[in-house]
Amino acid sequence: MNSPTALPAWRKLQAHYAQISPLHLRDLFREDPGRAERFSLSLEEIVFDYSKNRITNETLELLLELARQADLSGWIQKMFAGEKINVSERRAVLHTALRNPRGSSVLVDGKDVMPEVHAVLAQMRQFSEAVREGKWRGYTGQPIRDVVNIGIGGSDLGPVMVTNALRPYHSSLRLHFVSNIDGTQLTEVLRDLSPETTLFLISSKTFGTLETLTNARSARAWFLEKAKDPAAVAKHFVAISTNEKAVVAFGIDKKNMFPFWDWVGGRYSLWSAIGLSIVLAIGMDRFEELLAGAHAVDEHFRTAPFEKNIPVLMGLLGVWYNNFFQASTHAVFPYDQYLAFLPAYLQQADMESDGKHVQKDGTPVSVTTGPILWGAPGTNGQHAFFQLLHQGTKLVPADFLIPVQSHNPLGPSDEHHRILLANCLAQTEALLRGKTADEVRTEMEAAGLAADDIARLTPHRTFEGNRPTNTFLFRKLTPRTLGSLIALYEHKIFVQGTVWNIDSFDQWGVELGKQLAQLILPELSGEPARKPHDASTERLLRLVRSRI
Ligand code: F6P
């Protein structure tokens with residue numbers, strides 16, 4: 001396996017970076033009238049404009065060469081074919097199979113997984129229709145009004161993000177999410193709910209996650225306090241997991257379990273039965289549209305030549321900034337309130353996948369890996385942290401996402417959405433162009449400012465510009481488009497991980513904190529320490545114990 005720095009294209013890119021970094025995007029656009037057209041691609045109802053990046057034709061050629069030398073097409077084939085590319089866990093990586101249409105087949109260990117995938121989708125359809133149509137009744141015969149998904153990480157963030165994004169498609173069922181072990185969240189969610197009309201989805205791939213199981217037990221206790229009869233649990237608790245034994249041990253009947261498989265990574269699982277809360281919210285037909293949107297991107301990713309392949313270009317641009325410009329973060333700004341949770345969702349997808357310090361073979365990486373991903377919906381961010389993007393000293397490559405049509409036209413001629421659109425376009429333009437000292441001076445002279453004020457203010461009012469952005473412009477936030485957008489990011493993450501030669505599908509880094517918490521927990525109740533702590537932790541523990 002090749003470390004990226006050993007690839008000839010890497011060295012060429014280093015030399016090329018020295019030529020590119022002094023160039024300004026303003027000049028690149030001025031000198032090349034075809035740039036906007038050429039550096040733009042369309043897929044489904046999404047336009048991906050990547051022309052506002054600090055690249056030339058040569059940059060792209062070198063980045064594409066890097067992808068070829070990293071054997072990206074080989075790794076893509078391996079992923080889709082069900083090979084065990086999650087090397088540290090010896091698992092296949094097949095979230096793409098979850099959105100395959102009927103009639104396809106994907107083999108894992110010689111067994112076709114597609115019949116099971118479609119059997120679970122059928123189970124989800126049947127169950128969700130019964131609940132949504134009021135045929136599934138609670139223990140007192142009433143239909144379900146509220147659904148509470150209890151899960152964390154990948155068993156929460158995908159469903160939270162998608163159910164929020166697709167609010168215009170919701171039925172009257174009310175959706176709630178509990179992830180945090182902080183009892184406040186469960187308490188606040190349950191405050192206004194009635195056990196008679198509430199359905200709990202206990203979502204956990206492993207069914208061993210402390211937060212989820214503790215929340216699930218407390219939810220069951222809350223339920224039984226009113227229902228009294230343990231037999232009633234079957235009408236109000238279902239489980240979504242790969243671990244049937246643990247589900248049964250928890251007390252949930254096998255027939256109330258929706259299975260999935262170890263080849264679905266937690267952060268890639270919203271397409272599986274983990275998406276049941278989504279299905280309950282929007283219905284199975286809409287969920288299938290979400291899957292179809294993702295599948296269309298899978299086909300594009302699998303078959304389009306790299307130079308026309310959106311996730312490939314997204315990933316290579318990520319590598320360009322992360323490793324050559326040394327940009328340590330990547331921002332995502334959805335100009336759509338419905339996508340408010342997209343940055344949080346992508347944070348897990350990207351940072352848990354590509355936040356790695358060793359290569360696939362366990363040797364240390366020779367390059368920096370995954371960026372810190374962050375973001376917030378526009379226009380809010382503009383009035384908070386955009387100052388740093390425009391005039392700070394750090395380079396923050398950013399994605400701007402915006403629908404052309406709103407689900408909620410408001411004001412004369414859809415005034416709200418027009419203002420939103422104008423702001424989104426204006427920000428990427430401002431980040432590109434900046435404002436020169438000459439422009440600033442001319443502006444102040446026209447406004448009649450005194451000469452010494454002009455001299456004093458010019459540096460403060462000057463914008464360097466040359467800040468790179470991608471724009472994702474789509475018609476409207478539909479289930480299909482959302483499915484496509486998520487899949488684009490999933491594959492981008494894979495492209496980056498492939499170039500960095502890391503395992504993007506394990507997450508050992510979350511284990512240490514879990515183990516230490518298990519050691520500390522009994523000490524809070526006065527048990528002696530099983531292992532010594534550092535002096536700071538020791539002291540904090542004493543303080544906690546003295547105040548508990
Ligand atoms: O601790 C991290 C993690 O393992 C994530 O990868 C996963 O999405 C989350 O915990 C929840 O895990 P589970 O679905 O098994 O409860």
Side-chain angles (χ1 to χ4, degrees), residues 85-95 98 120 148-163 177-182 185-186 200-220 237-250 252 257-278 341-357 370 373 486 489-490 493-494 497 502-521:
I85 62 165
N86 175 354
V87 287
S88 81
E89 296 182 316
R90 290 186 207 279
R91 286 179 181 163
V93 174
L94 275 177
H95 44 282
L98 299 169
V120 176
V148 182
N149 184 77
I150 297 182
I152 195 164
S155 300
D156 169 72
L157 286 163
V160 168
M161 187 272 283
V162 173
T163 50
F177 293 88
V178 175
S179 52
N180 202 335
I181 187 60
D182 184 340
Q185 195 179 19
L186 184 63
F200 291 94
L201 314 179
I202 314 301
S203 300
S204 174
K205 178 175 168 180
T206 54
F207 228 76
T209 303
L210 183 63
E211 291 92 330
T212 300
L213 294 191
T214 310
N215 277 324
R217 272 195 296 272
S218 298
R220 189 173 50 188
F237 282 77
V238 304
I240 300 148
S241 185
T242 58
N243 187 346
E244 186 182 297
K245 231 165 106 187
V247 167
V248 173
F250 180 84
I252 294 180
M257 172 177 165
F258 295 79
F260 65 113
W261 309 273
D262 72 358
W263 42 262
V264 182
R267 52 194 174 274
Y268 299 91
S269 64
L270 73 88
W271 323 97
S272 72
I274 289 291
L276 190 59
S277 52
I278 304 171
F341 288 95
L342 183 68
Y345 167 77
L346 290 177
Q347 236 160 23
Q348 187 201 14
D350 203 321
M351 292 167 76
E352 203 169 71
S353 297
D354 284 346
K356 303 293 161 62
H357 70 137
L373 193 141
I486 302 168
Y489 277 99
E490 285 179 344
I493 292 163
F494 174 71
I502 54 177
D503 184 342
S504 298
F505 301 103
D506 60 11
Q507 58 284 317
W508 299 102
V510 296
E511 293 307 319
L512 178 60
K514 289 187 196 173
Q515 284 165 6
L516 293 182
Q518 291 287 11
L519 286 178
I520 290 175
L521 188 58

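When a ligand or atom number is given, it counts from 1 through the structure's own listing order.
- Within the 4.5 Å cutoff, side-chain heavy atoms of Trp508 are placed close to those of Glu89.
- Listed by atom number, the atoms of ligand 1 under 4.0 Å from Gly154 heavy atoms are 7 (C), 8 (O).
- Checked against a 3.5 angstrom limit, the closest N/O atoms of Lys205 and ligand 1 fall inside it.
- No donor-acceptor contact under 3.5 angstrom links the side chains of Thr242 and Asp262, judged on distance only.
- Remark: ligand 1 and Glu352 share an N or O pair separated by less than 3.5 Å (distance only, no angle test).
- With ligand atoms numbered from 1 in the order given, ligand 1 contributes 13 (P), 14 (O) to contacts under 4.0 Å with heavy atoms of Ser155.
- Some N or O of Thr209 is nearer than 3.5 Å to an N or O of ligand 1, by distance alone.
- Checking only distances, Gly266 never comes within under 3.5 Å of ligand 1, N or O to N or O.
- Heavy atoms of Val510 found under 4.0 angstrom from ligand 1 belong exclusively to the side chain.
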### Task
Would you check, one step at a time, whether the test side-chain contact (heavy atoms from CB on, under 4.5 Å) holds for Met257 with Phe207?
CA-CA 12 Å; Met257 172 177 165; Phe207 228 76; over 6 Å; no
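- In the candidate list Gln348, Glu511, Lys514, Lys514 is nearest to atom 1 (O) of ligand 1, counting heavy atoms.
- The part of Gln507 lying near ligand 1 is the side chain, judged by heavy-atom distances below 4.0 Å.
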